[in-house]
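To start, the structure itself, in structure tokens.
Every heavy atom of this structure was used, including side-chain atoms; hydrogens, water molecules and symmetry mates were not. We name chains A, B, ... by the order of the sequence lines, and we start the count at 1 in each one.
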Amino acid sequence: MSAEVVLQTEVVGRRNEHLYFALRNPKVAIGLGIVLALLVLGLVGPFFLSDSPNEYVGPKSEAPSGEYWLGTTYFGQDVFTQFVHGLRSSYLVGALGGGISFVIGLAIGFAAGYRGGMVDEILNMITNVVLVLPALAVLIVISSYLEVRGVVTQAVIIGIFSWPWVARAVRAQTFTLRNRDYVDLARLTGKRAPQIIMREIMPNMASYLLMSVILLFGGAILFAAMLDFIGLGPTNAVSLGTMMQQSMAWSSLHLGMWWWFVPPGLAITLIVGALYITNVGLDEVFNPKLREM
Amino acid sequence: MGRYFRRKLLIYGLTFFIAVSINFAVPRLMPGDPVARMLTRNSVSNLESSEAMRGYFNDIFGLDVPLWKQYLNYWVALFQGDLGVSVFAFPAPVSSVVADALPYTLALLLPSILLSWIVGNAMGAMAARNKFLDNGALPIGYVLTAVPYMWLAILLAWVGGIILGWFPVAGGYSFALTPAFTWTFIVDLVHHWVLPFLSLFLVALGGWAIGMRNLVIYELESDYANYLQALGAPNRLVRRYAFRNAVLPQVTGLALQLGVVVGGALVTEVVFAYPGLGSLLLNAVSNQDFFLLQGILLFIVIGVLVFNFLADIVYVLIDPRTRLGLEGGQS
């Protein structure tokens, strides 16, 4: 009984230690701050603004002003409203696409690494094939056949094609962990494989997994923006990528309407860059060798 | 070494097979009848002529035979170099349309990939364990890797093309000129090439620099580096050994990043209306030219596979362990 209590406080202590260093790490603080600020803007913004970002509300091609914070498009749509709605769909694509690829990568990586042998051979082969397949080209072909494209379908097909490097990394890590003494002990006590993976192996690479989720999230946002830009974006919603596509299609470049194409790209750069910086900061948090304090 | 190459070739063969199968399967798995869609687009209202056209399309796409036979026919046509006829550039065959665009894409891709790799690695190696350079180079590197390809391209076109007016913002060459092997045309070609190249180069640069910096730091912490330092070897020598070891994963990384860079080249070309595969792809998408679309995918897959194989050969050349069949270079 008392041993259990000690064990629990130790676990809590370690978790608090990570949190302690995470919140005091300037990279994590700045990165997370930017990501969360834009997330809040995307979540809350639409409630205060119009529900239909494609509505023609104001004068055409108006520069940013007090009334239209980011100006208006060539057709008189409010860029700020579109921007806020676009942020929302970008985060949705990132979370859903990143989440799906993370789950697939995790499952394949654990199965290959823990089972080994023939299962590993086959899964590793599949992983390598998807890895060399040029994902964007395949995504373009698939989505060009879809008549109606939503943010969710886009996220799903992105998720299906961006898991391989997670699977590879998880497999390699599982290989090094699966023959440790405590894993053998768990096996001796009769635990099943999924339980061993969840309870013994996964916690030991939790920091690594957290960082892969972050990278997948950013990668999915970039992928979606590229698809949108080619004109394969969601047909029923505004996204940051479709904003850039529209601005290029109506020659905002030659009309000097920078307020139309700068904000969406800047937001993507900020989100993904902030995620990368958070990642570096988390690396320092989990790896005491890298800490600068 | 034989095992290494056999494995790699098997993977590439499988990838090619799967890519072709995706090409075959996607149009047939998608909801809706492609022939019906084409008929509605042509707005044929007469029932009799509609039936005739349906029969014609079924025949021309080979849809009137069982599925397995369609699949076989698809492969046979592929090996005969028959990728179908482009709708957008009717009646040119897809293979010739793609072949016309290919040189432009290669002229953008090859220099930007290789130069960004070389320059990025050099910068990363210099920045490692160098407080002053590190603090300056690292944030820039992270920003560059986070930039969406097309946005940097748009910004460059805006600043370099519209505001400063130094470079043209669209096309592969001036419309006033006809392609010929003359001095004026080549200068014009290079003039149009600079901005798209620069944009691809810059985005890729950051990733290589960051990767190299981390790898060199890792190598400098290893035992052999400490040992050399303890022996009193000059710093330059230690760093050179670290660099040579750190280059190996970067070669693998180059092959793995290829798909992403190709995707970046596609959208960059769209921004600059550069007459390569990217602009072709845009035309194919907006005209629903599915034969062309699949032909482009096939060319991209083949290109990526060939380049991957070249990277494998380079890897064997620079890493003696793979040659002797030891560890390292395990797919």
**Request:** Counting only heavy atoms closer than 4.5 Å, note whether B:F16 contacts chain A via side chain, backbone, both or neither.
**Result:** neither
**Request:** Heavy-atom distances under 4.5 Å only: say whether A:M248 touches chain B with side chain, backbone, both or neither.
**Result:** side chain
**Request:** Against chain A, label B:L281 side chain, backbone, both or neither, depending on which of its atoms sit under 4.5 Å from a heavy atom there.
**Result:** side chain
**Message:** Can you tell me which portion of B:L277 sits under 4.5 Å from chain A's heavy atoms? Options are side chain, backbone, both or neither.
**Reply:** neither
**B:Y142 and A:Y276 aromatic ring geometry - parallel, tilted or perpendicular at 30°/60° bounds** = tilted
**Message:** At a 4.5 Å cut-off on heavy atoms, which part of B:V285 comes close to chain A: side chain, backbone, both, or neither?
**Reply:** side chain
**Asked** Is the distance between the ring centroids of B:F309 and B:F5 less than 6.0 Å?
**Response** yes
**Request:** Specify the closest pair of heavy atoms between B:I300 and A:P134, including all atoms of both residues, with the distance to one decimal.
**Result:** CG2-CG, 3.7 Å
**Asked** Among A:I230, A:L275, A:L270, A:I277, which residue forms the greatest number of heavy-atom pairs with chain B at distances under 4.5 Å?
**Response** A:I230
**Request:** May I ask you to name which of B:A255, B:G259, B:G263 has the most heavy-atom pairs under 4.5 Å with chain A?
**Result:** B:G263
**Item:** Interface moiety of B:I163 toward chain A, non-hydrogen atoms closer than 4.5 Å
**Value:** neither
**Prompt:** Which region of B:I162, side chain (C-beta onward) or backbone (N, CA, C, O), has a non-hydrogen atom less than 4.5 Å from a non-hydrogen atom of chain A, or is it both or neither?
**Reply:** side chain
**Complete:** Looking only at B:W151, B:Y12, B:W158, most heavy-atom pairs under 4.5 Å shared with chain A are made by B:W151
**Request:** Locate the shortest heavy-atom distance separating B:Y274 from B:H192; write the atom from each residue and the value.
**Result:** CE1-O, 3.8 Å
**Request:** For a side-chain contact (heavy atoms from CB on, under 4.5 Å) with B:L152, tell me which candidate from B:T268, B:V271, B:V147 qualifies.
**Result:** B:V147
**Message:** How close do B:V261 and B:Y149 get, counting heavy atoms only, and between which atoms?
**Reply:** CA-OH, 3.9 Å
**Fill in**
Per salt bridge (Lys or Arg N to Asp or Glu O under 4.0 Å), A:D120 is matched among A:R168, A:R115, A:R178, A:R171 by A:R171
**Asked** Of the backbone (N, CA, C, O) and the side chain (C-beta and beyond), which part of A:A225 lies under 4.5 Å from a heavy atom of chain B, both, or neither?
**Response** both
**Asked** What part of A:L222 is in contact with chain B, defined as an atom under 4.5 angstrom from a non-hydrogen atom: side chain, backbone, both or neither?
**Response** side chain
**Considering all heavy atoms, the nearest A:S101-A:W163 contact** = O-CB, 3.2 Å
**Complete:** Honestly, the part of A:L232 sitting under 4.5 Å from a heavy atom of chain B is side chain
**Fill in**
Looking only at A:I140, A:V130, A:L131, A:I221, the option with the highest number of non-hydrogen pairs under 4.5 Å against chain B is A:I140
**Prompt:** Tell me, side chain or backbone of B:T145 under 4.5 Å from chain A's heavy atoms, or both, or neither?
**Reply:** both
**Request:** Check whether B:V304 gets within reach of chain A through its side chain, its backbone, both or neither, counting any heavy atom under 4.5 Å.
**Result:** side chain
**Prompt:** Short question: side chain of A:R149, backbone of A:G233 - any donor-acceptor pair under 3.5 Å?
**Reply:** yes
**Prompt:** Of the listed residues (A:T269, A:L136, A:I271, A:V272), which shares the most heavy-atom pairs with chain B below a 4.5 Å separation?
**Reply:** A:T269
**Message:** Under a 3.5 Å cutoff, is there a donor and acceptor pairing between the side chains of A:Q154 and A:S143?
**Reply:** no
**Heavy-atom closest contact (A:S144 atom, B:L293 atom, distance)** = OG-CD2, 2.8 Å
**Complete:** Turns out that what part of B:I154 lies under 4.5 Å from chain A's heavy atoms comes down to both
